[in-house]
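Residue numbers begin at 1 in each chain, while the letters A, B, ... track the order of the sequences. Any value given below was found using the heavy atoms of this structure, including those in side chains, with hydrogens, waters and symmetry copies removed.
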Number of protein chains: 2
Amino acid sequence: MDHIPIKVGKNLKSIRKSRDLSLDKLAELTGVSKAMLAQVERGDSNPTISLLWKIANGLRISVTTLIAEETPQVTLVRFGELEPITEEEEGYKAYPLFPFDAKTHFEVYTVTVEPGCSHQSEPHQEGVEEFVIVTQGALDLQIGDEAYAVEQGDAVRFNADQGHIYVNRSDRPAWLQVIIRYPF
Amino acid sequence: MDHIPIKVGKNLKSIRKSRDLSLDKLAELTGVSKAMLAQVERGDSNPTISLLWKIANGLRISVTTLIAEETPQVTLVRFGELEPITEEEEGYKAYPLFPFDAKTHFEVYTVTVEPGCSHQSEPHQEGVEEFVIVTQGALDLQIGDEAYAVEQGDAVRFNADQGHIYVNRSDRPAWLQVIIRYPF
DNA sequence: AATAATCGTATATTATATTGTACAAAATAA
DNA sequence: TTATTTTGTACAATATAATATACGATTATT
């Protein structure tokens, strides 16, 4: 048996054990037969890509997690020590939590948008993506010609090579977590 | 036929064409039969993980590249539609906002930790980093032998190849944004 | 302690992945 | 133009993936 079905088996067993799931339970979650799951875990069978997909979906993980091979400081950021980036619009502030770095190729901000404030972002270079999570309040997000009402707890991912505008039409401040990912 | 073998077929054909390779040549490079390669490209067959591995190796690409899905221009995620991942600890829930993808190499969760709850995460593979932002409440984060008090608005970045424990000792729920970044 | 439920594994059966080969159409060489 | 080579597809044979079911061992319940 090739090495990769063995690796898949180890990864799967490890995940299953960490979640304290029986093969029966996993069969329920994934729609794959218990006997097949056992074979896969033991590296006795070479699963098809659809089967791995079913397993990954049932476990709410990605297929990549199942095929991943092994390859091991702590940074604590205090909000009170962050110096916000402000713009001409008084009601928009961006607190840089994690700066861009060559390894991750993304940066993370906490952003606040006061009631009535509207903030326009210029298009980034092609390939840049933004992930916006509204952790408090609500936001209207205009991306190109479309407008999206983003409620508390909701999240949006979009290509940031389009102009986009953050608008807070509510009467409470909006708090966002923003991840900006740059292409390699 | 499931959608993923169809996706694999499209990706493979696209790569092969971009390199101006015939099926015969690809069969030579990969050690997979020409007939099978044709079936895979047409989405007529559901390849095993070993077969994908052989194809990827022959082409000097990763398996992930073969299974990658295109991302839409804008993805809006509604919190109310998310199915949380729960574990044996009753008070810990992880809502998957953005799943892992071959391009970004990270996944994003909203996590809730109820008062008094303690959640242990097994060490990830080496090279995996976690970014944890506390957007509501407070958290004690134990990483290896160290403990960190993380207040609202604070954030932590750490290598997730160490065991780590989320503990909510306060009397309010803690809400976190968690980014898990996997090495390329 | 006895009984029931659960667990992972073994086995036989069915479904399908994978190969080798043949073929017709298209492309290339003479 | 004709002959040859290359290409992707069709098909049958072989190998193996995936399932349903049964089983013995272990755990949980009565």
Subject >> Distance in Å, Ile6(A) CD1 paired with Asn11(A) CG, rounded so as to fall on 0.5 Å steps >> reply: 12.0 Å

**OP:** Return the minimal non-hydrogen interatomic distance between Ile180(B) and Glu130(B), and the atom names on each side.
**Re:** CG1-CG, 3.7 Å

Original post:
Looking only at heavy atoms, what is the nearest atom pair of Leu59(A) and Arg19(A), with distance?
Top reply: O-NH1, 2.7 Å

Original post:
When hydrophobic residues are tied together by side-chain contacts of less than 4.5 Å, even through go-betweens, does Ile179(A) share a cluster with Tyr148(A)?
Top reply: no

Original post:
What residue among Lys7(B), Arg16(B), Lys17(B) forms salt bridge (Lys or Arg N to Asp or Glu O under 4.0 Å) with Glu41(B)?
Top reply: Arg16(B)

Original post:
Atom CE of Met36(A) and atom C1' of dA17(C): how far apart are they, to the nearest Å?
Top reply: 12 Å

Subject >> Rounded distance in Å - CG (Asp24(B)) to C1' (dG20(C)) >> reply: 13 Å

Original post:
How many Å lie between CG on Leu23(B) and C1' on dG20(C), as a whole number?
Top reply: 15 Å

Original post:
Can you give the first and last nucleotides of DNA chain D, 5' to 3', that have an atom under 4.0 Å from a heavy atom of chain A?
Top reply: dA17(D) to dA20(D)

**OP:** Taking only heavy atoms on the protein side, list every residue of residues 37-58 of chain A lying under 4.0 Å from any atom of DNA chain D, sorted numerically.
**Re:** Gln39(A), Ser45(A), Asn46(A), Pro47(A), Thr48(A), Leu51(A)

**OP:** Assess whether atom NZ of Lys10(A) is packed by more than 12 heavy atoms of other residues, nucleotides or ligands within 6.0 Å.
**Re:** no

**OP:** May I have the distance from Leu26(A) (atom CG) to dT6(C) (atom P), rounded to whole angstrom?
**Re:** 17 Å

Original post:
Taking the six-membered ring for Trp, are Tyr92(B) and His119(B) parallel (under 30°), tilted (30 to 60°) or perpendicular (over 60°)?
Top reply: parallel

**OP:** Ignoring backbone atoms, test whether Arg16(A) places a side-chain nitrogen or oxygen under 4.0 Å from the OP1 or OP2 oxygen of dC7(C).
**Re:** no

Original post:
Does a donor on one side chain sit under 3.5 Å from an acceptor on the other, for Gln152(A) and Thr135(A)?
Top reply: no

